[in-house]
J.: 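Structure below; questions to follow.
First the proteins, then the strands, lettered A, B, ... as listed; each starts at 1. The figures that follow rest on heavy atoms only: side chains count, while hydrogens, waters and symmetry mates do not.
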There are 2 protein chains.
Amino acid sequence: MPTIADIAKRAGVSISTVSYALSGKRPISAATRARIFAAVEELDFRPNQVGRALASKRTNAIAIHYPTTDHVLSEMPLEFIISAAGETARRGYSLLLSTSSSKDDDWLRLMHEGFVDGLILMEVRLDDPRVPLLQRHGYPFAMIGHTREHSGLSFVDLDFENALAVAVNYLADLGHPQIALISRQQSLHEAGYGPSVRSEAGLQQAAEVRGVEPIVRFSEPDPMSGFETTRDLLAEYPRLGAIVTLNSEAIGGVMRAVHEAGLRIPDDVSLVATTSPRIAALIAPPLTTVDIPTETMGRVGADLLIRRLEGGEAEPTQCLLRAGLTARGSSGPYARSSHAR
Amino acid sequence: MPTIADIAKRAGVSISTVSYALSGKRPISAATRARIFAAVEELDFRPNQVGRALASKRTNAIAIHYPTTDHVLSEMPLEFIISAAGETARRGYSLLLSTSSSKDDDWLRLMHEGFVDGLILMEVRLDDPRVPLLQRHGYPFAMIGHTREHSGLSFVDLDFENALAVAVNYLADLGHPQIALISRQQSLHEAGYGPSVRSEAGLQQAAEVRGVEPIVRFSEPDPMSGFETTRDLLAEYPRLGAIVTLNSEAIGGVMRAVHEAGLRIPDDVSLVATTSPRIAALIAPPLTTVDIPTETMGRVGADLLIRRLEGGEAEPTQCLLRAGLTARGSSGPYARSSHAR
DNA sequence: CTGTTAGCGCATTCAT
DNA sequence: ATGAATGCGCTAACAG
């Protein structure tokens with residue numbers, strides 16, 4: 001591996017001249033610049049990032065922390081990560097992935113040991129213990145999701161209250177007097193998982209405004225649990241004709257329970273799923289969705305952090321995305337009365 | 001951030017003594033070692049990885065390359081990545097994620113610029129252009145999957161030929177005279193995607209041995225395509241009672257097509273899916289699966305690379321995993337004759 | 001416009 | 001068992 005010294009020698013200039021030619025931080029005469037770049041070409045020189053990092057105190061690498069222990073894998077986090085990776089690469093950074101559990105502090109180690117310049121946090125809780133830790137050390141970070149208290153923090157998130165309002169309005173317009181939300185695990189909800197808590201708030205609020213009855217159920221992130229939850233739900237509310245699900249892992253079970261109850265989608269039951277457009281496309285038949293813009297969220301998460309790293313002490317940016325609703329085949333007007341059991 | 005020099009001063013020893021105490025590469029008297037570690041505690045010292053990397057010429061970081069452009073996202077790659085991340089962290093390494101397309105060489109840049117010690121390759125083609133590139137530079141790497149020519153290379157892969165043989169034997173034992181394989185995109189197959197090519201070979205071979213008729217169809221990785229493919233398949237082969245699918249993204253559509261043809265699983269059609277156990281658990285009703293040990297594959301991929309990095313010039317390790325079959329509710333004895341259309 | 005020089009934080013060789 | 005000194009590859013003052 002050639003070093004900057006090899007280039008300097010070959011081009012007949014000093015080391016610093018090469019460095020400045022490469023960084024463009026100092027004017028270089030066209031002639032010497034040409035000789036330098038010629039040497040770079042001939043030797044296939046690549047500036048060593050470690051040397052550069054040590055001298056400049058910036059590694060040009062960031063890490064994304066995805067704590068896996070408490071969640072079943074699904075595609076949404078992958079979409080965040082892939083999208084963040086793309087933006088990171090476009091901006092000339094590298095992306096590290098840490099999956100340490102919340103107790104383990106491998107994700108913090110990366111910052112402590114100076115291997116990354118900043119962090120992106122995923123799976124953020126309303127009271128996330130990582131936030132005070134990072135603040136105490138003054139480490140730069142951005143969140144995908146947001147904490148209850150978030151003044152001065154950078155984050156991107158879906159506006160889940162709004163998302164549920166969108167779903168409720170849509171279903172209320174179709175004439176449904178009752179709307180059930182199938183949320184995620186109750187444990188998550190109790191642990192203060194933002195999407196869960198904020199969605200329920202959105203449901204309650206919008207339901208009151210529209211004068212419909214809100215119902216909330218929790219489901220584990222798997223079809224079996226979705227099946228059981230939905231089966232019980234339909235039994236308990238014989239006239240229920242509208243279901244919103246937050247839990248994309250459970251959708252298969254939800255649909256199956258509806259069918260096994262002798263009901264049809266969308267004729268008897270309107271189903272609206274909160275999920276990423278990409279995932280919705282993978283489901284048959286097509287689902288009406290409140291779209292979670294995962295691609296945007298991952299990209300903006302990386303962008304916010306990098307901007308913070310490069311912009312010096314720029315003010316934090318908070319980005320609450322409003323959800324769009326895409327009506328597909330799985331929802332229709334209320335017609336459930338005839339099926340009362 | 002305290003440095004090793006701060007520790008040395010505080011403990012009243014030289015810098016090198018601190019370094020050796022930390023690395024354990026030289027005997028240190030109990031007394032001074034105690035003073036050193038006390039200082040480390042008091043100052044909350046963390047050795048700077050960049051300084052260490054520059055001096056030792058090892059970053060203790062590896063990268064995993066997951067080219068996304070040519071594939072729809074699914075959970076299987078996420079499982080590889082998460083699992084590799086876990087093993088990487090356990091071994092004291094960091095994991096970088098590169099998702100650059102095959103033409104883009106961002107993944108190579110990481111090695112060129114000395115930011116990582118080695119690479120894990122995902123989505124390996126039979127003739128993968130990355131391999132000769134890496135070999136030319138002498139960069140250490142390991143593959144999840146394997147190329148046609150692989151002598152001297154380290155990899156972990158599922159033995160897809162064996163996997164299909166397992167599926168065929170199982171279905172043949174149930175009495176099925178015809179077995180259809182629903183493979184992935186034809187474009188992938190033609191591009192030499194290993195799992196696709198090797199699975200077909202396994203099917204053909206095992207079918208011949210067992211005297212059953214093999215049928216191969218390709219499907220895009222989505223339920224709609226799976227639906228159409230299966231619908232056409234059932235129309236073309238009215239007595240078909242056994243389907244094996246490689247394409248877990250299409251399974252929903254496959255199942256729906258079977259149902260809409262007036263057939264039942266497992267009474268009329270036996271369905272065997274080649275997928276990860278974790279994903280199988282997410283499907284309702286439960287699927288008989290040829291299990292792809294994604295967790296093992298990701299872990300071993302990282303292990304092989306790290307072992308290569310640490311073991312000096314150890315011989316390459318090739319790890320072809322045999323698949324297990326888990327019979328669940330979706331497969332049963334051949335009974336399709338009565339349904340001939 | 002260009003060169004000289006002093007680190008960045010740590011590992012390691014050579015002394016003692 | 002310990003210290004002193006050198007250098008990893010590069011950046012960025014400082015000095016022309």
J.: Whole angstroms only, please: what is the CZ-C1' distance between R52(B) and dC10(C)?
T.: 8 Å
J.: Using whole Å, report how far OH of Y20(B) lies from P of dC10(C).
T.: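 Those two atoms, OH and P, are 15 Å apart.
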J.: Figure out the CD1/P separation between I4(A) and dT2(C), and round it to whole Å.
T.: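 These atoms are roughly 15 Å apart.
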J.: With a 4.5 Å limit on heavy-atom distance, are the side chains of I64(B) and L95(B) in contact?
T.: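 Yes, their side chains come closer than 4.5 Å.
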J.: What is the distance from CD1 of I15(B) to P of dG7(C), rounded to the nearest Å?
T.: 13 Å
J.: May I ask you to say whether K9(A) pairs ionically with D6(A), meaning some side-chain N is under 4.0 Å from a carboxylate O?
T.: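 No.
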J.: Which nucleotide span of DNA chain D, 5' end to 3' end, has atoms closer than 4.0 Å to non-hydrogen atoms of chain B?
T.: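 Under 4.0 Å from chain B, the extent on DNA chain D is dA1(D) to dG9(D).
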J.: What is the nucleic acid contact for V18(A), judged by heavy atoms within less than 4.0 Å: base, sugar-phosphate only, or nothing?
T.: nothing
J.: Which part of the nucleic acid, if any, lies within reach of S16(B) when heavy atoms closer than 4.0 Å are counted: base, sugar-phosphate only, or nothing?
T.: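 Base, at least one base heavy atom under 4.0 Å.
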J.: Between V13(B) and A55(B), who's closer to the 5' end of DNA chain D by nearest nucleotide?
T.: V13(B)
J.: Just N and O in the side chain of S14(A): are any of them under 4.0 Å from OP1 or OP2 of dT4(C)?
T.: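 Answer is no, no contact under 4.0 Å.
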J.: Ion pair present between D128(B) and R130(B), side-chain N to carboxylate O less than 4.0 angstrom?
T.: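 Yes, charged N to carboxylate O under 4.0 Å.
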J.: Between the side chains of R58(A) and Y93(A), does any donor sit under 3.5 Å from an acceptor?
T.: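 Short answer, yes.
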J.: From NZ of K9(B) over to C1' of dG9(C), roughly how many Å is that when rounded to an integer?
T.: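 My rounded result for the distance is 14 Å.
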J.: With side chain to side chain contact (heavy atoms under 4.5 Å, CB included) as the criterion, how do M297(A) and I292(A) come out once you've worked through the C-alpha distance, each side chain's angles and the decisive distance to 0.1 Å?
T.: CA-CA 9 Å; M297(A) 291 173 72; I292(A) 301 188; 3.9 Å; yes
J.: Just call it for V50(B): base, sugar-phosphate, or nothing, with non-hydrogen atoms closer than 4.0 Å on any strand.
T.: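 Result for V50(B) = nothing.
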J.: Please identify which of these residues, M143(B), E149(B), H146(B), meets the side chain to side chain contact (heavy atoms under 4.5 Å, CB included) condition with V131(B).
T.: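 Output: one option passes, namely M143(B).
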J.: Within a 6.0 Å radius of atom CZ on R90(B), are there more than 12 heavy atoms belonging to other residues, nucleotides or ligands?
T.: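 Count over threshold, so yes.
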J.: Ring centres under 6.0 Å, that's the criterion: do H65(B) and F141(B) meet it?
T.: no
J.: In degrees rounded to 10°, what angle is found between the helical axes fit to the five outermost pairs at each end of the helix from dC1(C)-dG16(D) to dT16(C)-dA1(D)?
T.: 40°
J.: Heavy atoms within less than 4.0 Å of DNA chain D: which residues of residues 22-39 of chain A have one? Give them sorted by number.
T.: K25(A), R26(A)
J.: For this output row, return yes or no: ring centroids of F115(A) and F115(B) closer than 6.0 angstrom.
T.: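 They qualify: ring centres under 6.0 Å apart.
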J.: Return the value, rounded to whole Å, for the distance between atom CZ of R58(B) and atom P of dT12(C).
T.: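 Whole-Å distance recorded here is 11 Å.
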J.: Do S19(A) and S16(A) get their side chains close enough for a donor-acceptor pair, meaning under 3.5 Å?
T.: no
J.: Can you name the one residue among L110(B), L305(B), N60(B), I306(B) that meets side chain to side chain contact (heavy atoms under 4.5 Å, CB included) with D117(B)?
T.: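 The passing option is N60(B).
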